[in-house]
Every structure is written in structure tokens, then in C-alpha cells.
Amino acid sequence: MPELDLYQYAHDVVVDVQATAEAEGTTTPEVFTRRVFEDLEKGGIASNTFSAYHGSHGHLVHGYGIGDTGECLDLFVTDFDVEPLASKLTKGLVESYFRRLLTFVRRCRDGLRQHIDESFDVYDMCAAVEKSLTEVQRVRLFLLSNRVSTGTAVPPTDFDGLPVTHEVWDLARLHRHETSGSISEPIVVEFVPPLPCVAAPSSEPDHSVTMTVIPGQRLAELYGEHGTRLLELNVRSFLQARGTVNRGIRETLLNSPGRFLAYNNGITATASQVDFVHDAEGRPTGVRRVHGLQVVNGGQTTASLHYARSRDKADLSHVSVQMKLTEVSPERLSEIVPMISEYSNTQNRVTMVDFSSNHEYHVAVQRITRSLWAPATDGSGQEVHWFYERARGQYTDELAKARTPARQRAFKKLNPTNRKFTKADLAKYCNSWNHLPFQVSRGAQKNFVAFMDRIDEATPHVDVQYCQRVIAMAVLFKAVDRIAASHEAGSYKSMITAYTVARLSLATNQRIDLDRIWREQQISPAVEAAIDDLCPRVMRVVTRPREGNHVGEWAKKVVCWDAVSRVPWSVPADLKAELLEHPLDEKTLAGGSGGSQGACDEVASIPADEWYAVERWAKETRNLVPAQRQLAQYVGRRLELGQGIPEPQAVQALHARNRALSLGFVSEA
């Protein structure tokens, strides 16, 4: 996105938020909150965030989140103004917002949920906060605003012995990170005492290399404090903190911590500036401070140290980790860091997938949709574009190029805001259609990663028909979203929408005529009636979690989809009459996979007992992510009951089993 001045950026945010709120039939504060959530998740600042509004005398909250590690509780309050530059966010207002947010925390601790109807989504938020206060190690309060703050930083406090920090994400801060391309503040680390080092002279002026050893305890603390932000130059927030500890690393930490330095290849890190301690002759002998620290190789080692300390209570006082630290001039970071990451020799190299806007898939979708005219269906004869925003800001950039009001009106007429969709939207539409609503419910960023994994495994042929069908999925998704709102789905609407689309797709065996939806730019009355009947049935399952989860966590689980997929529902006769004779060619569908029947057959050929064994092994070793463990159990149960495995789950199950075999699981077959 080209650099915008603050005035233009403020205007663009308001226009985008208002257009989205109007299209979705929701409030501007909710849309703005979700927009900032996406930025924070993308930057690794926060994760597992949920928007949920509750205001009462003395307290106010717009959302909450519980980090991937389960060690931090995040609470959010939003200040959105349609005229953001007309007034300032004063110090008094900032303090008032944080005071009301902390009051909400206090009232949750004191049992606020007991005074709220269990059918409301706010009940789940209160229950989650109340439970988290007994488990987390710190609390972060966020104020999200599209106004400029005039106040200074709010000092840390504590709540029932938990440290509480305050973060203000105002217009200036959001603008700074939007235009700089980075959401995260540089990580500055002070080492006391300094780390002994050996600095190697370099003939290149743009970087220098230092070899040092960092205490394992300190590295674990850094990951606990900064999370995936510490790894963002390598894999940004797309490296999900799985919470798994490499078996070899874990055994060494627990049984032979003093040998860790000998056994482990260490980490490779970069910095924008390194401050040294020098000897009498001016030679660097110690690393005193590092600015802009990033781990570009050794993410597994770093995260494993943290989880061994926090979960296994491992004593890291005798653990040392070697670190190759490269100081790189800021203007060369994007060029040099990928090469350092690629060529560094690590025992557990992070596989980096290209999720950038320049991925050939997204470039192809943009190229075709820019010249693709949607049929005129309102009698006006005016065809329009579905505007694919491959990178944030493209729509407002194009609008700004139409300098006069008349030209801007013409641009909006041909590119309506309610037909703009992003990479995250595309992933959401396609994964819902392909029976992955639990993945969609994990948030825009994680869902996008999963979607791109599928694209890379089986890249579809992106042509005009492909894009027409993707847009048809968008029309279907938006229609379901509107119907879910009419059933008062509340803040769980996005999850209920994803599950309803998936259940409809499953029930019809993906035989809904997407080509007809494209031609008519709307769903048929039969499809609408079917959705209206199906949606409340899905909603009852999604909003009644099992196993002590709140709705947001329950919807992320494969077992939730298993429950929804078994909701008794038959395709109505009117819709059945409209269905295609055969499913659309999977090779032309987003995220579809050729050879799907082969995956289903291969999964079915593996005994249910082995899938259960994979699940038990994964629990004992923690070598698979929770979703993969749950998937193994899900597959085993369905095979035991003689039920088929949907293609998306079959592909993922085979991937999980292959992963288990590569990590030491022994098949009995």
C-alpha cells in the first residue's frame, strides 16, 4: 500500500468500516474491532480473538482473546468516531476506557455471568474471562481507536496478583504500521550481564556477524513475552505456535540440560542494531543490547524451551543456546533475511510457505476478476465487477486515483463496496464450501494459512469459470450470513454462517449449481428456504458446546463439525429438484483436490484401531497439534461406525498420519 498521509488514512478507514457495516448489517465499532483484530493477529500481537460487546454502568468491553499459549488474557475496548480528526483521544478518556475495561474483569471474577442469560454470547465471554483469571499469568488491556491519542503510556498495574499492561492502538499507531508494512514494535532486549561474544569482521557494509551464547531461561522468557512476534521476519504470524515440543529437545531439557549446547544447533537471529561492551583496545567482548531482535531460524528450539519451562516445569538454569546474531541495516532486511533463513543449517528447519500477496494464485485471481463483469440482474443493464483486494488498500487506492467526485462515483458504481472481497474472505468462502468450518472458526489468519496449504498441495487452474464459481460461493456465503443474522446469531454469526454453508454443501454433496448463482448473482428461493430451515438447527449445535468449552473454542474443534455434520436434516424437495446430477469438477473448485477419492479410499483402508493409536501416541508425545489428534479420533470413530470420511478430512488425516510416522509413530498394520 502506498504511503498515505494521516488524513487520507483516517478517511479510508471510516469509508471501509461504514461500507462493511452497511453490507453486513452490523455496527461500525464491531467492524472496526474486527479489522484491528486482523492486524493484531497478522502481526502476532494477539490470537484467538472474539468480538463481543457488553456495556453497563461502570464497565465496557468489545472483545477478548486468550493467546495460543494460554498464558495471557486480552481484553479490548473500542473507540470509533465517524469524524476521527475532529477531536482527540485525551489522557482522561484513555484512563476512563481502561478503568471501565478493568471493572469488567473484576465483575467477571465476581460472577457477572450469573446475571446474564446463558443463551447470550456475552455469557460465554464472561465465563471464559472468569476461568482464565485462574489460569493465565498476565492480563493485557487494549484500547482500539481511530482517533489520535494525546496521552502518554499508561503504566502497568496488577489485578489479584496478575500483572496488567495497557496498550493504546490509536489512529497514529495503526497508520504508522499500515504504511510501514509491519504491525509490530521492534523488540529491544537488554542483557545483564552482557552476553560474551566473538564478533567476526565483514567486508560487506550492510551487515556484520556475531557469535554468542544466550541462556536458555532468557530465550524462553523472550518467547513467553513476545510470542510469534519474535519469529515474524521468518514466518510472520503464519508460523502458528503449536505448543508442541520436539521430542529430542524435550528429552534433553528434562534429562540432560547441561548437554543442550552440545546437542542443539542453536538459533540464527537478526537485529537492526547491536550495542556492544568493548575491551581496552576497542574490540567487542559482550552483547549489551539488541534492537529489533528476530529469530529467523530455530523457531522450534525457541518455542520448545518456552513450553518445556511453562508446561513441564523444566529447570533451564543450566541450559545454554548458541546464537549467530547478524546485524543487518534496516533497508536490506527484506533482501538479506530470507537468504539467512534459507541457508542457515538447523536441525529442525521451519518450512516457510509464501503467503504474500504476490503468490501466483492471488495474482491470477486479481487479473481475471478485474476484467470479469458480473451479469446485470436488477434490470438496469449495468454490469459490475467483484473487486478482489489482493492487498489491503487496493480499493481505496483505486478510488483515490479517480480524483474528481464524479469519477469516484463512477468507480463505486462499477465496483460496489458490497462486492469487494479480500484474500481472507476468499479463504473463508472456499473452506466453508469444502467442509472446513472449524478451520474458518479459528480466525482469518489461521484459516488463510490452512487454505494456502491446500492451494499449494493441489493448485487449481485459475480461469474465468474458476473465478465465477468462487464469486458464487461468496454470494452463497453472504446470503447465509444475512439469514443467520435474522436468526439472531449475534457475535457468533461468522461461525454459524461457516458451519451452515458447510452443512448445506455436505447435505447436497456439493451439487448446488454455482454457475446458476453466478448468472443470477443471487441464490434461488429454494436455496434460501433451505438455508432458513437449516440455519437454526446448526446454530443450536454450535452454541451448545461440549466438554466444558465456550462457544468460540468449541467451534474451532473437528468434533464440533462432526456434531453439526450429523444434525438430522434432509434436503427439501424444491432444492433437490435444482441440484446438479453430479458435483462440480473438484479440480475447478477453490482448494479442491484431484484424486480425492484416492485419499478417501486410503483412509478407509487403515483400521480404526490405528487411528485411535495415532491419537493416543500424539497425546503422550505432544508431537501433533490438538486439531490433528482430534482428527485421528474423529476418523477412527467414523470408520468404526461404518461411515465415510469427507474428502477434506481424509486429506488432512493422511497428512497427520504421515507426520506421526515421520516423528516416530510405529504402525501395527
Side-chain angles (χ1 to χ4, degrees), residues 69-71 137 187 189-200 209-228 230-231 234 239 241-271 274-277 279 283-290 293-326 340-341 344-350 617-624 662-665:
T69 64
E71 298 177 1
Q137 298 179 11
I187 297 173
V189 181
E190 188 100 17
F191 293 106
V192 181
L195 304 179
C197 72
V198 175
V209 180
T210 300
M211 302 299 296
T212 184
V213 174
I214 182 173
Q217 179 78 14
R218 187 74 172 105
L219 187 56
E221 290 171 354
L222 288 173
Y223 186 83
E225 180 179 354
H226 302 290
T228 54
L230 194 63
L231 314 172
N234 185 358
L239 173 67
R242 306 292 188 182
T244 58
V245 181
N246 176 278
R247 182 171 55 186
I249 293 177
R250 181 172 180 268
E251 289 178 356
T252 302
L253 291 172
L254 294 177
N255 302 318
S256 307
R259 297 180 182 177
F260 192 83
L261 183 62
Y263 291 171
N264 189 271
N265 286 348
I267 65 173
T268 301
T270 62
V274 181
D275 297 338
F276 293 99
V277 174
D279 62 15
R283 291 174 299 195
T285 59
V287 175
R288 181 169 55 87
R289 184 184 297 110
V290 176
L293 178 65
Q294 291 284 290
V295 175
V296 298
N297 267 100
Q300 177 74 56
T301 293
T302 304
S304 294
L305 283 164
H306 167 73
Y307 290 117
R309 181 181 71 119
S310 61
R311 295 180 179 177
D312 295 322
K313 308 303 178 185
D315 180 7
L316 304 183
S317 59
H318 299 293
V319 175
S320 298
V321 182
Q322 64 181 2
M323 177 169 66
K324 182 177 76 172
L325 179 62
T326 304
I340 296 174
S341 179
S344 292
N345 179 26
T346 61
Q347 77 287 353
N348 248 324
R349 181 170 173 203
V350 176
W617 173 86
K619 275 186 178 180
E620 294 169 359
T621 64
R622 298 184 182 178
N623 274 335
L624 296 181
S662 70
L663 292 174
F665 172 74

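A search for side chain to side chain donor-acceptor pair (under 3.5 Å) contacts involving D279 returns R283, not counting sequence neighbours. Remark: R289 pairs with E190, D275 by the salt bridge (charged side-chain N to carboxylate O under 4.0 Å, His left out) rule, at least two apart or across chains. Applying the side chain to side chain contact (heavy atoms under 4.5 Å, CB included) rule to T212 yields the partners L195, C197, M323; only residues at least two apart in sequence or on another chain are considered. Judged as a side chain to side chain contact (heavy atoms under 4.5 Å, CB included), and not counting sequence neighbours, the contacts of V277 are P194, T285, R288. By the salt bridge (charged side-chain N to carboxylate O under 4.0 Å, His left out) test, E225 is found to be paired with no residue, residues two or more places apart in sequence or in another chain being considered. Shown here are the salt bridge (charged side-chain N to carboxylate O under 4.0 Å, His left out) partners of R218, two or more places apart in sequence or in another chain: E221. Evaluation of the side chain to side chain contact (heavy atoms under 4.5 Å, CB included) rule for P284 yields A199, F276, H278 as partners, not counting sequence neighbours.
Between V290 and F191 there is a side-chain heavy-atom pair separated by less than 4.5 Å. Side-chain contact between N264 and T252 is absent, with no heavy-atom pair separated by less than 4.5 Å. F260 has its side chain out of reach of L316: every pair of non-hydrogen atoms, C-beta onward, lies at least 4.5 Å apart. For the pair L222 and L293, the minimum side-chain heavy-atom distance is below 4.5 Å.
The minimum heavy-atom distance linking A308 with L253 is given by the pair CB-CD1, 3.6 Å. Minimum heavy-atom separation, A220 to R309: CB-NE, 3.8 Å.
Atoms CG and CZ, on L305 and R250 in that order, are 13.5 Å from each other to the nearest 0.5 Å. Of the inter-residue distances, the one linking I267 atom CD1 with L325 atom CG reads 8.5 Å to the nearest 0.5 angstrom. Here R259 contributes atom CZ and L261 contributes atom CG; the two are 13.0 Å apart, rounded to the nearest 0.5 Å. Note that the OH atom of Y307 and the CD atom of E71 stand 7.5 Å from one another [nearest 0.5 Å]. Atom OG1 in T301 sits 8.0 Å away from atom CG in N265 (nearest 0.5 Å).
Within the 3.5 Å criterion, the main-chain N or O of S317 finds a donor-acceptor partner in the side chain of D315.
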